[in-house]
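See below for the structure under consideration.
So that the names make sense, note that chain A is the first sequence line, chain B the second, and so on, each numbered from 1.
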Amino acid sequence: MKKDYDPSEIETRHYARWEAAGYFAPAGNGAPYCIVIPPPNVTGTLHMGHALQDTIMDALTRYHRMLGRRTLWQPGTDHAGIATQMVVERLLEREGTSRVALGREKFLERVWQWKERSGNTIARQMRRLGASVDWSRDRFTMDPGLSRAVLEVFVRLHDEGLIYRGKRLVNWDPVLHTAISDLEVVSSEERGKLWHLRYPVVGDPGNAVLIVATTRPETMLGDTAVAVHPADERYRHLVGKQVELPLTGRRIPIIADEYVDPEFGTGCVKITPAHDFNDYEVGLRHKLPMIGVLDASARINDDAPPAYRGLDRFVARKRVLEDLTAQGLLEKIEDHTSMLPRGERSGVVVEPMLTDQWYVRMQPLAEPAIEAVEQGRVRFIPETYARDYFDWMRKIQDWCISRQLWWGHRIPAWYDDNGNVYVARDEAEVRRKHNLATNIVLRQDEDVLDTWFSSALWPFSTLGWPDKTPELATFYPTSVLVTSWDIIFFWVARMIMMGLKFADGVPFRDVYIYSLIRDSEGQKMSKSKGNIIDPIDLIDGVDLDTLLKKRLDGLMQPNLQKSIERNTRKEFPQGIPAFGTDALRLTFASLVTTGRDVRFDMSRAEGYHRFCNKLWNATAYVLSQLDGIDGGPARLSTADTWIRSRLHGVIGTVHENFAAYRLDVVIQTLYDFAWHEFCDWYLELTKAVLNAPDAEAALKRGAQTTLVDVLSALLKLLHPLMPFLTEELWLEIAKQRGLSSPTLMLEPFPEATAFATDATAEEEIAWLKGFVVGIRQIRGETNLPRSKALTVRIADPSPSDRARITTHSLHLQKLAGLERIEVLEPGENVRGAATALLGGMRMLVPLAGLIDVSAEGERLRKQLAKTRDDLDKARRKLSNHNFVANAPPDIVAQENARIADFEQRASQLDAQIARLTELS
RNA sequence: AGGCGCGUAGCUCAGUGGUAGAGCACCACCUUGACAUGGUGGGGGUCGUAGGUUCGAAACCUAUCGCGCCUACCA
């Protein structure tokens with residue numbers, strides 16, 4: 001074994017071997033266990049969130065594989081319609097060309113090239129992370145098989161009447177020139193104005209005007225009514241009359257509708273059914289005409305008065321206001337903040353537009369999906385997310401699935417010249433189904449499907465649906481979906497609906513929602529904020545210049561460059577050190593707790609890197625101590641029995657917490673055991689035996705066997721979380737012990753029953769630790785160097801203390817740095833000694849010439865104060881008869897025992913302080 | 001407007017009714033034979049605030065403050 005732990009050297013070796021050997025493929029006859037990966041977008045590279053997610057899934061996958069389950073982690077990627085198209089368009093822009101210039105076919109070729117590159121990058125990153133996915137089953141949402149599933153679902157839903165085409169108001173992105181779904185719109189509060197416009201009432205003798213308040217004055221060009229509340233006394237008499245719509249020469253009715261809030265603004269609302277969702281509803285109710293005044297780029301179109309045609313919406317706004325002002329029709333302007341809807345991808349304000357789009361009727365699909373969660377057939381972890389799911393599902397709107405893009409699944413609909421629409425799997429089927437002669441010309445719909453349409457089918461399309469494949473039969477429903485809360489609506493809900501509809505059941509049993517990862521300031525990580533960290537840079541390390549280059553390259557908003565550079569230099573003055581994959585995975589898994597989001601903390605990674613190093617060195621030590629291990633019978637010492645007993649408990653805790661998706665607790669448990677029990681105590685305890693030339697051979701072999709057994713189990717327990725280092729160390733052990741184990745991956749996961757519990761040994765070692773710690777405290781607080789061997793005198797030992805001192809004298813001397821342990825005769829006294837207490841026994845270290853008497857007095861007085869404090873609290877508790885009457889008896893007994901302890905301790909300390917004073 | 005989450009040591013976070021915890025940071029001592037990426041000891045918290053329930057509350061309830069988020073919005 002090499003002397004130093006070097007993650008990069010280790011981590012480059014094992015993955016290729018695992019993959020080549022086919023260890024990632026499902027094997028054996030155990031109960032199936034399956035996770036489908038949330039397919040990353042082929043927009044570029046994996047980010048921290050992916051790395052976190054992959055860590056969780058890989059840990060779960062490896063754990064269940066080692067449990068003997070037939071385990072499949074299904075990999076793949078998503079074509080990510082809009083996102084990928086945008087990335088490639090930006091690329092073309094830098095090349096001085098464009099999507100339109102290339103034409104559809106050539107453009108798609110370019111996107112496929114990009115997909116190839118991005119897909120390879122993602123696969124490479126996943127391999128670096130140690131992801132044990134079955135690469136032989138890698139899928140892409142636009143693979144032929146998956147595309148067939150998309151067609152099948154579309155056609156079946158259409159034939160059932162659950163997909164329809166309709167002209168409705170839809171969120172329109174005027175930059176991307178496509179419809180987007182409600183979920184792709186992000187609203188944020190922005191400061192704006194509320195303009196009060198005067199609309200003259202037609203034929204009113206008193207020259208009455210209605211004043212409407214609006215945030216969108218330019219849309220008045222498309223107004224088709226003014227609405228008031230039916231019960232509003234101020235306007236009741238005007239309902240049914242008309243107003244003169246300024247700038248247009250049109251007259252529009254005054255209508256009454258409950259939608260109007262009489263308290264807000266003036267109580268009069270202009271109604272523009274073609275450009276506002278609420279107005280649209282009002283328009284439908286009152287059968288108003290719908291006049292769209294904007295084109296696909298949100299410029300004023302030819303249905304508006306000539307003066308405004310061709311103007312951008314914001315230019316038009318200015319012009320309309322100027323013209324109204326000129327005519328004295330602008331009453332007033334107020335400051336107003338309102339929620340502005342922007343396209344998730346383009347960032348521009350989206351425009352409600354009347355267009356022909358395809359929709360999925362959601363309600364019939366949602367009902368069984370709600371039921372599935374209510375009945376617990378799908379379980380959310382943490383369960384609080386089920387509430388979000390229900391809230392959304394219960395008021396779900398129809399899903400607009402058509403996108404005016406080129407990259408994606410083309411909608412399987414064909415049109416003839418008479419405006420008829422036909423839906424089928426292909427053109428030939430259309431002709432067969434509808435008996436269309438070959439001379440009838442058909443054109444396929446130009447649009448593609450929302451990328452989430454194919455994602456919704458992922459759990460069964462990747463397993464071969466619509467064919468009845470063995471994989472589908474074996475692994476559907478999958479075991480758990482691991483994802484973050486931000487795509488519960490986009491994806492999780494839709495998968496449940498589609499799974500129930502087409503795959504004959506829920507797509508997964510558990511939905512494990514993990515926390516979103518943020519930077520150390522609590523900011524969401526994003527390219528545009530310039531605070532991203534490539535997970536690979538945490539593995540390999542990165543210097544400041546490279547990091548800066550990555551963050552600043554291709555920035556969308558160049559004005560942020562300075563602040564990004566400043567922040568980066570401040571946070572990472574030396575760049576990022578190399579932590580290695582294992583340490584990074586431990587860090588991720590330890591952050592996965594119950595909260596909504598987590599901050600990535602570099603110092604945690606540092607800590608886990610040190611843990612890796614600790615494990616490396618411990619293994620090196622154990623392996624160096626095994627001479628003669630197979631030479632004969634072995635006998636277990638108390639220490640051996642103790643560590644085995646402790647391991648028993650640890651294994652149980654690990655199983656429980658894997659089941660509960662509490663990887664943080666799994667890590668905490670194993671870290672604590674490995675470092676603070678195995679290394680700190682057990683290894684040190686074995687040294688007394690292994691280094692003693694005259695130690696009994698069988699006892700020595702007991703220690704050696706236990707060292708190997710416990711370490712091996714520990715490596716197995718840790719493997720799902722830190723696969724590389726544990727594999728390396730396990731192979732070292734296997735080599736030295738002559739085991740024919742090609743990999744730790746396929747070793748059975750430890751069961752608690754393999755290690756016996758032993759309460760006596762645990763008590764015994766607890767006593768021993770108490771003894772050693774007592775002496776160490778004296779040493780520590782009096783600054784006695786370790787090199788100074790001490791003599792300790794024991795006063796008032798119980799018979800069992802005496803026995804234990806004899807049994808463990810070697811350990812006590814070694815661990816506490818003692819040269820002698822002397823038991824005092826009853827009544828015998830040591831004047832002026834530093835004291836430690838253990839039960840009724842006192843451990844006295846003579847002070848003479850060693851330490852400062854007054855400092856020792858101070859130390860004891862401090863302990864005494866603390867003890868009296870504890871004693872007071874306990875006494876108060878017990879003097880409360882309500883406590884004695886109501887608390888469970890074991891709690892009362894425990895409190896009584898504590899009091900006895902404290903009393904004994906206090907009196908011992910008292911006496912000892914007195915003896916010290918005597919001396920001085 | 002409704003809903004959700006969070007508030008525990010300097011920092012990042014565990015801890016769902018019974019003696020306040022971890023990692024990192026800090027202080028002191030120690031180059032002891034696996035590991036100085038280490039060892040030993042130590043300091044540091046009235047668990048956001050105020051009430052309540054309870055023998056007992058960091059935990060349960062109510063209110064309140066602060067932070068973050070989600071959903072739907074009044075034009």
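Within the 4.0 angstrom heavy-atom criterion, base atoms lie near A/Leu683. Using a 4.0 Å heavy-atom criterion, one finds that A/Gln397 contacts no nucleic acid atom at all. A/His676 comes within contact range of the sugar-phosphate backbone alone, with a heavy-atom separation under 4.0 Å but no base atom that close. A/Arg779 comes within 4.0 angstrom of no nucleic acid atom, judged by non-hydrogen atoms across all strands. Using a 4.0 Å heavy-atom criterion, one finds that A/Ala213 contacts the bases of the nucleic acid, with or without backbone contacts as well. In this structure, A/Asn691 reaches the bases: a heavy-atom distance under 4.0 Å links it to at least one base atom across the strands shown.
To the nearest angstrom, P of B/rU19 lies 15 Å from CG of A/Asp901. Between A/Trp675 atom CH2 and B/rU37 atom P the separation is 11 Å, expressed in whole Å. Between the P atom of B/rU19 and the CG atom of A/Asn896 lies a distance of 15 Å, rounded to the nearest Å. Rounded to a whole Å, the CG atom of A/Asp872 is 14 Å from the C1' atom of B/rU19. B/rA34 atom P lies 4 Å from atom NZ of A/Lys687, rounded to whole Å. Look at CZ on A/Phe600: it is 15 Å from P on B/rC24, rounded to the nearest Å. What separates NZ of A/Lys769 from P of B/rU40 is a distance of 11 Å, to the nearest Å. We find that CD1 of A/Ile891 is positioned 7 Å from P of B/rU19, with the value rounded to whole Å.
Looking at A/Arg786, its side chain has no donor and acceptor atom pair within 3.5 Å of the base of B/rU40.
For B/rU37, there is no paired nucleotide, since no Watson-Crick or G-U wobble pair has both relevant distances below 3.5 Å. In this structure, B/rC24 forms a base pair with B/rG10, meeting either the Watson-Crick or the G-U wobble geometry with both donor-acceptor distances under 3.5 Å. In this structure, B/rA63 and B/rU49 make a Watson-Crick or G-U wobble pair, each of the two defining distances being under 3.5 angstrom.
A/Arg905 places no side-chain N or O within 3.5 Å of a backbone atom of A/Gln863 that could act as its donor or acceptor partner.
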| request: Show your reasoning for whether side chain to side chain contact (heavy atoms under 4.5 Å, CB included) applies to A/Val282 and A/Ile255. | output: CA-CA 10 Å; A/Val282 174; A/Ile255 60 172; 3.7 Å; yes
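Only the C1' atoms considered, B/rU16 is 5 Å distant from B/rA59, to the nearest whole Å.
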